[in-house]
Amino acid sequence: MAQIEKEIKAGIGLAPIKFGMLKADVKNLLGEPDEIDNHTETDDEGNTESWHYDELELSVSFEEIDDMRLFSIAVSGEDYEFQGKKLIGLSKPDMIHELKALSIDDLQAEEWATEDHTKQELVFSENHSMNFWLEDDELSEIQWGPLFEDEETIAWPE
């Protein structure tokens, strides 16, 4: 399994993984995933394939609508950093404070219902194409994707 940097790059990826890569290229870098999920959100979006790497505490997703190119990365390990800050495990107020200090000030929040009645909340930044998933008011996962030039045009990283 390849070494990856633990620094989250908004709109770009997680070196050496970049949004827009093909599945074969990601597999060459990360190896075989521990688990593969396939799901369809809506008929017009097509299939999404997610690969999970347990040891790395990392998931990558490819969307059919984007020719099965890498479209999303999610991490849950406390050693991942965003702009030099370790965020996983922070309380919601501490996370929001840190994000605002990093000039991420377009945060919006949505509560999500769970089957086991765990309090789950999504805090997101559209400008940075980032999702921050909280469970019982603690940040448990960061998910991000490429930036968009407009509502439909993806700005794939170079």
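Sequential numbering from 1 along the given sequence is applied to the chain's residues.
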Connected via hydrophobic side-chain network under 4.5 Å: Ile12 and Leu58: no
Could you see if Phe148 belongs to whatever hydrophobic cluster contains Phe19? Use Ile, Leu, Val, Met, Phe, Trp, Tyr and a side-chain cutoff under 4.5 Å. yes
Just to verify, what does Gln108 make a side-chain contact (heavy atoms from CB on, under 4.5 Å) with, not counting sequence neighbours? Phe124, Glu126
Sorted by chain and residue number, the ring-ring contact (aromatic ring centres under 6.0 Å, His included) partners of Phe62 (sequence neighbours excluded) come out as Trp51
Heavy-atom distance under 4.5 Å between the side chains of Met21 and Leu29, does that happen here? yes
When clusters are formed by joining ILVMFWY residues with side-chain heavy atoms under 4.5 Å apart, either directly or through shared neighbours, do Ile36 and Ile17 land in the same one? yes
Less than 4.5 Å apart, side chain to side chain, heavy atoms only: is that true for Pro33 and His52? no
If you define the side chain from C-beta out and look only at heavy atoms, does anything of Ser50 sit under 4.5 Å from His39? yes
Only counting residues at least two apart or in another chain, list the ones meeting side chain to side chain donor-acceptor pair (under 3.5 Å) with Asp150. Thr153
Test Ile8 against every option in Gln83, Glu81, Met130, Lys85 by the side chain to side chain contact (heavy atoms under 4.5 Å, CB included) rule and name the one that passes. Met130
Are the side chains of Tyr80 and Ile4 in contact, using a 4.5 Å heavy-atom criterion? yes
With the side chain counted from C-beta on, respond yes when His128 and Trp144 share a heavy-atom pair under 4.5 Å apart, and no when they do not. no
Please list, one pair per line, the donor and acceptor atoms closer than 3.5 Å that link side chains of residues 86-97 to other protein atoms, with sequence neighbours excluded.
| residue | atom | partner | partner atom | Å |
| --- | --- | --- | --- | --- |
| Ser91 | OG | Asp94 | N | 3.3 |
| Ser91 | OG | Asp94 | OD2 | 3.3 |
| Lys92 | NZ | Glu121 | OE1 | 3.1 |
| Lys92 | NZ | Glu121 | OE2 | 2.7 |

Do Asn47 and Glu64 have side-chain N/O donor and acceptor atoms under 3.5 Å apart? no
Filter on salt bridge (charged side-chain N to carboxylate O under 4.0 Å, His left out), then keep only pairs touching residues 15-25, sequence neighbours left out; what's left? Lys23-Glu49
Measure from the side-chain N and O atoms of Asp136 to the backbone N and O of Lys119, and report whether any donor-acceptor pair falls under 3.5 Å. yes
So, using salt bridge (charged side-chain N to carboxylate O under 4.0 Å, His left out) as the criterion, who are the partners of Lys9 when residues are at least two apart? none
Answer yes or no: is there a donor N or O on one side and an acceptor on the other, between the side chain of Ser129 and the main chain of Pro146, under 3.5 Å? yes
When hydrophobic residues are tied together by side-chain contacts of less than 4.5 Å, even through go-betweens, does Leu99 share a cluster with Leu147? no
